[in-house]
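As structure tokens, the structure follows; a few thoughts come after it.
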Amino acid sequence: MAAIVRFLSFNSSLLSTSSNPLHQTQLPCKNNTPKRLSSDFILNSRFGINPRKQSLQFKIQATITETEQPKWWEKNAGPNMIDIHSTQEFLNTLSEAGDKLVIVEFYGTWCASCRALFPKLCKTAQEHPEILFVKVNFDENKPMCKNLNVKVLPYFHFYRGADGQLESFSCSLAKFQKIKDAIETHNTDRCSIGPNKGVGDVTLETVSAAKAKQSESPSS
């Protein structure tokens, strides 16, 4: 506490030499011409304040803050847009969707076309809260994507209840109208009769049974 009091006393005495905030101190020079030093220079010199260093610290802090922002594929448009990280999670999502239209986007984090299309897909999801939008990272789910015949990105699947897979196609930002047309075709009021078909020819029951059988087999 004593050190703080002394600092404030010294600081006030230094600044009280003039009521002018631009107070200047004269120093003798060889040619007898007084050299004027501003109070800012004196304060910076005595207390080790380096304006250039402060600016550098600000730039570093700004860079760190920028890198902490979520990556483009980590952003979601709302509660009706979810990420899938495994085959079982994908199957469960389709099974629990009921008669709701499900649009699945297969994407790659490195895919420039996926990145360009993504903002418009988010906007479409906000415009259709009744539709479930599912995002599948290709690199995290390569075996599943291969079984679903996903060979180009971005790629889209449309699913609905007992009807199973309704449509599938590749799409870019320039051809985004294909997605809007598919929504208009398949997003109608109706009720499905029968079990959920899920992933088309490979039904949910078949895949689940195969998975269970594989888990029961002894490991080599």
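Note that the coordinates shown come from a computational prediction; the quantities given were computed from them, not determined experimentally.
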Rounded to the nearest 0.5 angstrom, the CG-OG distance for N92 and S86 is 7.5 Å
In short, A97 meets L132 closest at the heavy-atom pair CB-CD2, 4.5 Å
**OP:** Would you please classify the geometry between the Y155 ring and the F106 ring as parallel, tilted or perpendicular, with 30° and 60° separating the classes?
**Re:** tilted
Worksheet entry | I103 side chain near I183 side chain, heavy-atom distance below 4.5 Å | yes
| task | Tell me whether V150 is reachable from F158 by hopping between hydrophobic residues (I, L, V, M, F, W, Y) whose side-chain heavy atoms are closer than 4.5 Å. | result | no
Please confirm whether the backbone N or O of H85 pairs with a side-chain atom of E89, one donor and one acceptor, at under 3.5 Å?
yes
The complete set of salt bridge (Lys or Arg N to Asp or Glu O under 4.0 Å) pairs with one or both residues in residues 109-121, sequence neighbours excluded, reads none
Of all heavy-atom pairs linking D99 and G161, the shortest is OD1-CA, 4.3 Å
Sorted by chain and number, sequence neighbours left out, side chain to side chain contact (heavy atoms under 4.5 Å, CB included) with K146 holds for none
Taken in chain and number order and not counting sequence neighbours, the residues that satisfy salt bridge (charged side-chain N to carboxylate O under 4.0 Å, His left out) with D181 are none
Quiz prompt | Pairwise side-chain contact, Y107 with N137, heavy-atom cut-off 4.5 Å (strictly under) | solution = yes
Between the CD1 atom in I179 and the OG atom in S172, the distance rounded to the nearest 0.5 Å is 9.0 Å
CE of M144 to OG1 of T87, rounded to nearest 0.5 Å, is 5.0 Å
One should read off an interatomic distance between F156 CZ and L121 CG, to the nearest 0.5 angstrom, of 5.0 Å
>> Between L94 and V136, is there shared hydrophobic-cluster membership here, with clusters defined by ILVMFWY side-chain heavy atoms closer than 4.5 Å?
In response: yes
Only one of V134, L148, V102 passes side chain to side chain contact (heavy atoms under 4.5 Å, CB included) with H157, and that residue is L148
dist N141:CG -> N147:CG (nearest 0.5 Å) comes out at 11.5 Å
In short, N187 meets I131 closest at the heavy-atom pair ND2-CD1, 3.7 Å
Q.
In terms of relative ring orientation, are F90 and Y159 parallel, tilted or perpendicular, with 30° and 60° separating the classes?
A. perpendicular
Rounding to 0.5 Å, atoms CE (M81) and CD (E105) come to a distance of 7.0 Å
Those residues at least two apart in sequence (or on a different chain) that pass ring-ring contact (aromatic ring centres under 6.0 Å, His included) with F176 are none
Nearest heavy-atom approach of P119 to A116 is CD-O, 3.5 Å
Side chain to side chain donor-acceptor pair (under 3.5 Å) filter on Q126, not counting sequence neighbours, yields none
When every non-hydrogen atom of C171 is compared with those of P154, the smallest separation belongs to O-CG, 2.9 Å
Below 4.5 Å, heavy atoms only, C-beta onward: do R160 and H186 meet side chain to side chain? no
Applying side chain to side chain contact (heavy atoms under 4.5 Å, CB included) to T185 and not counting sequence neighbours gives none
Worksheet item: Is atom NZ of K123 surrounded by more than 12 heavy atoms (other residues, nucleotides or ligands) closer than 6.0 Å?
Response: no
Residues pairing under salt bridge (Lys or Arg N to Asp or Glu O under 4.0 Å) where one sits in residues 126-135, two or more places apart or in two chains, turn out to be D83-K135
The complete set of ring pair (Phe, Tyr, Trp, His ring centres under 6.0 Å) pairs with one or both residues in residues 108-138, sequence neighbours excluded, reads W72-F118
Count I, L, V, M, F, W, Y as connected when their side-chain heavy atoms are under 4.5 Å apart, and connections chain through other members. Are V104 and V152 then in the same cluster?
yes
